[in-house]
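Step one of this worksheet: look at the structure below.
Counting convention: from 1, in listed order, for ligands and their atoms alike.
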Amino acid sequence: MPLYDQHMHTQYSFDSEAQLRDYLAQTAGPVITTEHLEFANPDDGGRDDIPDYAAMRATQQKLSREFPNRLLLGIEAGYYAPAVNQLRAYLAAHPFDLTLLSFHHDGQHDFQDAYFQTIPLHAHVLTYYQRMLAGLQDFHDADVFAHFDYGLRIVDVTPAQLTAWAKPVLDQIFALIVQNGLAFEVNTKSMFKWHNAALYDLVIPWYQAAGGRLFTIGSDAHEKESYRNHFAEAVALLQDHHVDQIATYTQHQPTMVAI
Ligand SMILES: [Zn+2]
Ligand SMILES: [Zn+2]
């Protein structure tokens with residue numbers, strides 16, 4: 001089994017027009033999509049964005065003869081406390097290979113909304129991670145903890161600031177995800193498009209100190225051009241931290257792949 005991208009979106013996500021065919025054409029290896037499952041989404045007029053499961057499977061079926069890649073199906077589950085029962089119900093009713101768990105919004109604003117550039121940085125960082133910790137205490141039935149830095153993408157936080165402001169909370173977060181067997185995602189969009197590579201370099205040892213050994217790499221592509229973006233750099237970063245394998249998921253079971 002080769003290393004492959006485990007975070008990408010197509011037309012079944014509210015914010016992507018990408019076609020599955022365009023990713024399939026770029027590799028003979030496994031392809032997995034992780035569409036957004038997002039409740040009360042402020043980035044989409046407060047709508048519940050629920051991927052059409054039957055349509056996703058039908059699209060895979062239609063393309064499977066032309067592209068004999070190994071097709072897998074994942075989901076990016078966005079946590080929002082008031083909708084946790086809907087989240088659990090959807091996941092229980094629909095089989096996936098991989099569940100990413102994400103913290104994208106607070107019910108009022110997506111954490112990439114410019115609103116968060118208008119509030120004090122220290123307060124924003126602390127609140128973001130406290131909400132995340134509370135969310136993980138409530139819900140952690142997933143395979144991968146996606147883009148730990150999502151709420152920091154549009155603000156500039158240095159490693160020293162993150163350490164001073166949020167390390168105690170992040171240590172609790174990492175303890176919880178290790179306890180529940182979640183992998184840590186190296187999100188190359190966060191690292192390079194949003195310039196947070198130094199924060200990944202900072203916290204990978206925190207996850208490891210909590211006992212974390214499972215890692216995935218995801219491009220978070222919303223268009224075909226971003227597929228597998230910067231994977232060489234992500235692999236190099238992991239190797240710097242003495243990680244020599246990553247986890248790939250089929251029916252929620254990890255298979256370790258050497259990097
Ligand atoms: Zn996301
Ligand atoms: Zn995503």
Side-chain angles (χ1 to χ4, degrees), residues 4-20 22-23 31-44 47-53 56 72-81 83-84 87 90-91 94 96-107 109-114 116 128-129 131-132 135-136 139-155 173 177 182-197 199-200 203 215-231 234 248-249:
Y4 58 92
D5 198 337
Q6 289 184 96
H7 188 158
M8 53 204 251
H9 299 267
T10 76
Q11 59 177 327
Y12 297 108
S13 289
F14 74 96
D15 56 354
S16 174
E17 300 298 324
Q19 300 294 305
L20 181 58
D22 297 331
Y23 295 111
V31 169
I32 184 164
T33 55
T34 52
E35 311 292 4
H36 285 293
L37 171 64
E38 198 71 57
F39 295 96
N41 185 0
D43 253 9
D44 195 21
R47 274 186 278 278
D48 293 337
D49 291 311
I50 300 172
D52 184 336
Y53 189 87
M56 292 193 295
L72 299 168
L73 191 63
I75 188 84
E76 182 175 11
Y79 176 84
Y80 176 52
V84 72
L87 177 67
Y90 181 88
L91 294 177
H94 300 90
F96 289 102
D97 290 296
L98 166 68
T99 305
L100 310 181
L101 178 57
S102 296
F103 295 83
H104 288 132
H105 73 83
D106 63 4
H109 301 94
D110 185 276
F111 290 115
Q112 281 195 213
D113 192 293
F116 291 104
Y128 179 64
Y129 286 112
R131 291 185 69 97
M132 185 185 279
L136 281 163
F139 183 85
H140 41 251
D141 191 9
D143 303 302
V144 173
F145 174 52
H147 48 43
F148 87 97
D149 63 318
Y150 184 82
L152 311 185
R153 279 179 168 180
I154 59 140
V155 293
I173 287 170
I177 70 167
L182 276 77
F184 177 90
E185 180 192 71
V186 175
N187 184 291
T188 57
K189 186 177 186 178
S190 280
M191 285 178 68
F192 294 99
K193 180 173 180 184
W194 299 102
H195 311 294
N196 278 349
L199 300 183
Y200 279 80
V203 310
F215 292 90
T216 64
I217 305 175
S219 69
D220 208 349
H222 285 65
E223 60 289 308
K224 64 177 193 261
E225 292 77 12
S226 300
Y227 175 66
R228 281 186 68 101
N229 253 4
H230 296 289
F231 264 43
T248 62
Y249 288 83

Problem set entry | Centroid-centroid distance, Tyr150 to Phe111, less than 6.0 Å |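 Between Tyr150 and Phe111, the centre distance exceeds or equals 6.0 Å.
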Exercise. With ring centroids as reference points, do Phe192 and Tyr200 lie under 6.0 angstrom apart?
Worked result: no
For this session: Anything under 30° is parallel, anything over 60° is perpendicular, the rest tilted; go ahead and classify His36 against His9.
Result: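 Aromatic pair His36/His9 classed parallel.
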For this session: Spell out, as yes or no, whether a donor-acceptor pair under 3.5 Å connects the side chain of Asp5 to the backbone of Ser219.
Result: yes
Exercise. Can you tell me the N, O or S atom of His104 that's nearest the Zn ion (ligand 1)?
Worked result: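 Nearest N/O/S atom of His104: NE2.
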For this session: Check step by step if ring pair (Phe, Tyr, Trp, His ring centres under 6.0 Å) holds for Phe139 and Tyr80.
Result: CA-CA 10 Å; Phe139 183 85; Tyr80 176 52; over 10 Å; no
Exercise. Do the non-hydrogen side-chain atoms of Glu17 and Gln19 ever get within less than 4.5 Å of each other?
Worked result: no
Exercise. Around the Zn ion (ligand 2), what protein N, O or S atoms are found below 2.8 Å?
Worked result: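 Sorted hits: His7 NE2, His9 NE2, Glu76 OE1, Asp220 OD1.
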